[in-house]
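For the single chain, residues carry numbers from 1 onward in sequence order.
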Amino acid sequence: MLNDLTEAEILSLAKKGNNEAISFIISKYRSTAEALATKWTDAPIEREDLIQEGSIGILAAINSYDSAKGAAFSSYCYTCVYNSIQTALRKVNRKKDVPQNNVVPLEEEFVDGKASMLSAEDAFLAQESVSLLIDEIDKKLSEFENEVLRLYAVGCSYGEIAQRLDKPQKAIDNAMQRIRNKLK
């Protein structure tokens, strides 16, 4: 069925959620993701994972492509795949993304260089404080601001947050400014 349609028609079906059209476009442009993933031979991410990130870029291209802006879908898709792979590589290389074996559990407290466990009472009080803080943040922030803060807290950049929430990057920046002011 899809072989008789133009790329624009297939893309239109994919934007409407037609799984067959989405699969068709992904398989057509997977070679782009594979070619780009091959460029990073010494990357800290395995090639197959980079290809998966590239596939996410293909999905982003399907969802955000606008033919009225004059770019060919193939060019736009290439850019989205490249950006998706670059974002994954940047995330891995961030200093704040520390391997789990280097993380100190919250329930451990260091005294004179030695780890000691929190008492049950202290652990309960610490959890209660966190719960109160989360409740207070929920009260002060709108639903959108809470979502922006949650994504920012897990390490997403403003651009990634904008893409995930389908909002302009300026809206994310404005939300972060409001969040800072409300939580002062």
Side-chain angles (χ1 to χ4, degrees), residues 1-97 138 141-182:
M1 171 194 155
L2 293 177
N3 292 332
D4 299 334
L5 301 177
T6 66
E7 185 170 76
E9 292 169 330
I10 296 171
L11 190 56
S12 176
L13 287 173
K15 280 181 169 263
K16 292 176 184 171
N18 182 305
N19 288 333
E20 186 180 355
I22 292 170
S23 295
F24 181 85
I25 292 173
I26 288 174
S27 65
K28 181 176 179 179
Y29 289 97
R30 183 173 170 85
S31 61
T32 301
E34 290 171 352
L36 285 170
T38 304
K39 288 184 175 187
W40 288 281
T41 55
D42 60 345
I45 302 176
E46 292 183 26
R47 182 176 179 271
E48 284 302 313
D49 291 335
L50 289 176
I51 292 170
Q52 284 298 333
E53 290 296 331
S55 297
I56 292 170
I58 296 169
L59 289 172
I62 291 170
N63 291 326
S64 61
Y65 178 69
D66 184 1
S67 61
K69 295 193 177 180
F73 179 74
S74 58
S75 300
Y76 184 74
C77 186
Y78 178 90
T79 302
C80 288
V81 169
Y82 180 84
N83 289 343
S84 184
I85 291 173
Q86 284 291 93
T87 299
L89 289 169
R90 266 190 249 112
K91 262 188 178 175
V92 168
N93 290 325
R94 282 190 194 144
K95 299 235 186 278
K96 65 182 178 181
D97 294 334
D138 282 342
L141 302 180
S142 70
E143 186 177 321
F144 174 68
E145 292 166 343
N146 269 306
E147 188 64 17
V148 169
L149 182 59
R150 184 188 65 78
L151 290 170
Y152 184 76
V154 296
C156 292
S157 69
Y158 284 20
E160 292 167 328
I161 296 170
Q163 187 177 14
R164 286 187 182 189
L165 299 180
D166 196 27
K167 299 283 185 183
Q169 192 166 338
K170 183 63 179 163
I172 304 305
D173 183 49
N174 290 343
M176 288 300 293
Q177 295 303 321
R178 288 192 307 273
I179 292 167
R180 285 185 186 101
N181 290 332
K182 288 180 179 181

- prompt: side-chain hydrogen bond (donor to acceptor under 3.5 Å, both in side chains): which pairs involve residues 55-83, sequence neighbours left out?
  reply: Ser64-Tyr76
query: Listed by chain and number, what are the salt bridge (Lys or Arg N to Asp or Glu O under 4.0 Å) partners of Glu53, not counting sequence neighbours?
result: none
- request: To the nearest 0.5 angstrom, please state how far the CG atom of Leu11 sits from the CD1 atom of Ile22.
  value: 10.0 Å
query: About how many Å separate CD1 of Ile56 and CD1 of Ile51, when rounded to the nearest 0.5 Å?
result: 12.5 Å
field: Which atom of Leu89 lies closest to which atom of Pro44, heavy atoms considered
entry: CD2-CD, 4.2 Å
Ignoring hydrogens and angles, write down the donor-acceptor pairs under 3.5 Å from the side chains of residues 159-168, residues two or more places apart or on other chains.
from   : atom 1 : to     : atom 2 : distance (Å)
Glu160 : OE1    : Ser157 : N      : 2.7
Glu160 : OE1    : Ser157 : OG     : 3.4

- prompt: Are Lys28 and Ile25 side-chain neighbours, meaning at least one heavy-atom pair lies under 4.5 Å?
  reply: no
- line: In terms of heavy-atom contacts, Ala88 and Ile45 come closest through O-CD1, 3.6 Å
Minimum heavy-atom distance Phe144-Ala171, with the two atoms named: CE2-O, 4.2 Å
task: Answer whether the closest heavy-atom distance between the side chains of Phe73 and Ile62 falls below 4.5 Å.
output: yes
message: With a 4.5 Å cut-off on side-chain heavy atoms, are Ile172 and Leu151 touching?
response: no
message: Keeping Asn146 on the side-chain end and Ser142 on the backbone end, is there a donor-acceptor pair under 3.5 Å?
response: yes
- line: To the nearest 0.5 Å, atom CG of Asn18 lies from atom OG of Ser23 at 8.5 Å
- prompt: Are side-chain heavy atoms of Val148 and Glu145 found at a separation under 4.5 Å?
  reply: no
message: Could you report the tightest heavy-atom contact between Ala37 and Ile85, atom names first, then the distance?
response: N-CD1, 4.1 Å
- prompt: Say you draw a straight line from CZ of Arg180 to CE of Met176; how long is it, rounded to the nearest 0.5 Å?
  reply: 4.5 Å
query: About how many Å separate OG1 of Thr32 and CZ of Arg30, when rounded to the nearest 0.5 Å?
result: 11.5 Å
- request: Measure the CD-CD1 distance between Gln52 and Ile58 for me, rounded to the nearest 0.5 Å.
  value: 10.0 Å
message: Tell me if the CD atom of Gln177 is crowded by more than 12 foreign heavy atoms within 6.0 Å.
response: yes
field: Exam field: side chain Ser84 to backbone Cys80, donor-acceptor pair closer than 3.5 Å
entry: no
